[in-house]
Number of protein chains: 2
Amino acid sequence: MARSVAVKKSVKPAKSSYVLDEQVGFILRQVWQRHSAIFSREIGTNITPTQWAALSKLAESGPCSQNQLGRLTAMDVATIKGVIDRLTARGLTETSQDPEDGRRLLVSLTRAGQQLAEKVAPNALAITRETLAPLEAKEREMLMALLNKLR
Amino acid sequence: MARSVAVKKSVKPAKSSYVLDEQVGFILRQVWQRHSAIFSREIGTNITPTQWAALSKLAESGPCSQNQLGRLTAMDVATIKGVIDRLTARGLTETSQDPEDGRRLLVSLTRAGQQLAEKVAPNALAITRETLAPLEAKEREMLMALLNKLR
DNA sequence: GCTTGCACGTTTGTGTACAAACGGTATCGT
DNA sequence: ACGATACCGTTTGTACACAAACGTGCAAGC
């Protein structure tokens with residue numbers, strides 16, 4: 001007799017059946033992994049994507065409070081603290097008390113941090129390009145538009 | 001003589017200008033964050049996306065060696081070890097030596113793990129749907145096709 | 001036999017990521 | 001003035017993610 005599977009030979013291949021490889025979450029994780037690999041290979045410095053987010057955001061919008069910077073770079077308060085601690089330990093950022101608000105810890109780039117940001121920015125752009133390299137121009141545009149709807 | 005900076009007063013506000021918010025990597029991280037949040041809210045059990053990947057892959061393709069499972073779920077050998085350790089500690093998976101190859105550690109679902117996988121699969125599908133909810137059907141298809149080119 | 005090489009799993013160390021709880025500071029309404 | 005509320009930063013604990021180094025088992029070649 002027939003096994004219990006595939007009793008029905010419907011037109012569709014199968015029912016709902018959860019297939020890991022077809023789930024967005026799983027694919028997203030892999031795409032992020034690939035991007036991270038490209039990043040650490042091409043960035044030219046011993047710096048992580050997250051650290052670069054903080055650094056480049058500071059370069060882009062100037063000094064701001066630690067938590068604010070966390071919001072701008074999509075990091076948890078605990079996460080941004082660790083990141084800034086490490087960047088500060090490496091002399092790329094520095095912190096000071098906000099004179100106008102005793103709660104805030106102002107974060108700014110040091111000279112070395114500024115120089116690094118300038119030096120590395122072209123690599124970062126190249127990393128974006130390489131990540132998207134498998135796509136045509138039209139596809140890249142499409143992807144960015146779609147991803148933007150999902151953040 | 002003049003300082004080297006800002007000698008030119010170009011029309012554009014800045015030069016090549018690296019804008020963090022427009023980089024795929026940054027957006028990918030945020031999309032993944034949003035998905036993770038949906039996941040932990042909707043999965044209905046105290047389980048992570050990564051653990052679910054291992055669990056559902058075991059349910060899908062049956063027992064296999066630890067490293068092999070890691071490959072199937074896009075995890076590092078060190079990562080998959082931790083994941084299996086935790087799943088085993090919770091009685092969802094179990095391990096045994098492969099009798100045919102002294103190196104391999106065979107991983108399989110326990111009964112509890114199987115039951116959990118079955119119980120949770122519908123939620124996992126719902127999570128996929130909710131993650132993609134901001135998109136139209138056509139857009140979802142498009143996105144999946146594009147992401148697939150980038151893994 | 002034996003060596004070379006590769007696969008398997010483990011351990012250590014660093015770096016996100018987030019929840020939860022804590023104490024301190026500003027602000028606003030009353 | 002004051003108390004509720006919200007925001008700021010810190011700490012602790014858990015869980016990925018990956019590099020690097022280690023020891024062991026297997027298989028292919030001479």
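These numbers come from a predicted model, not from an experiment. In what follows, chains are A, B, ... by sequence order, proteins preceding strands, each numbered from 1.
- Distance B:L69 CG to C:dA7 C1': 16 Å, rounded to the nearest Å.
- Regarding contacts with the backbone of C:dT16, every side-chain N or O of B:Q33 stays at 4.0 angstrom or more from both OP1 and OP2.
- With a 4.5 Å cut-off on side-chain heavy atoms, B:E139 and A:K149 count as touching.
- At the phosphate of C:dT16, neither OP1 nor OP2 sits under 4.0 Å from any side-chain N or O atom of B:R29.
- Taking atom CG of residue B:D98 and atom P of nucleotide C:dC8, one finds them 11 Å apart after rounding to whole Å.
- Here A:T50 does not reach the OP1 or OP2 of C:dG15: none of its side-chain N or O atoms lies under 4.0 Å away.
- Within the 4.0 Å cut-off from OP1 or OP2 of C:dT16, not a single side-chain nitrogen or oxygen of A:T79 is found.
- Nucleic acid contact class of A:S65 (heavy atoms, under 4.0 Å, all strands): sugar-phosphate only.
- A:D101 comes within 4.0 angstrom of sugar-phosphate atoms only, judged by non-hydrogen atoms across all strands, and of no base.
- Nearest-nucleotide positions on DNA chain D for A:L106 and B:W32 put A:L106 closer to the 5' end.
- At C:dA19, none of the side-chain N or O atoms of B:R41 fall inside 4.0 Å of OP1 or OP2 (strictly under the cut-off).
- Contact record, B:L150 with A:T131: CD2-O, 3.4 Å, taken as the closest heavy-atom pair.
- In this structure, the ring of A:W52 has its center less than 6.0 angstrom from the ring center of B:Y18.
- Running 5' to 3' along DNA chain D, contacts with non-hydrogen atoms of chain B at under 4.0 Å begin and end at D:dA15 to D:dC26.
- In this structure, the CD1 atom of A:I47 is 14 Å from the C1' atom of C:dT16, given to the nearest Å.
- Remark: C1' of C:dC18 and CG of A:D76 are 5 Å apart, rounded to the nearest angstrom.
- The closest side-chain heavy-atom distance from B:L147 to A:L28 is below 4.5 Å.
- The interatomic distance linking A:M75 (CE) with C:dG15 (P) rounds to 14 Å, in whole Å.
- Rounded to whole Å, the distance from CZ on B:F39 to P on C:dC18 is 15 Å.
- Contact check for A:E42 versus A:N123: no side-chain heavy atoms found under the 4.5 Å cut-off.
- Between A:K81 and A:I84 the shortest side-chain heavy-atom distance does not fall below 4.5 Å.
- Looking at heavy atoms from C-beta onward, A:L105 lies out of side-chain contact with A:D98 at the 4.5 angstrom threshold.
- Distance B:I38 CD1 to C:dC18 P: 13 Å, rounded to the nearest Å.
- Look at CH2 on A:W52: it is 18 Å from P on C:dG15, rounded to the nearest Å.
- Projected onto DNA chain C by closest heavy-atom contact, A:V77 and A:G102 fall at different nucleotides, the more 5' of which corresponds to A:V77.
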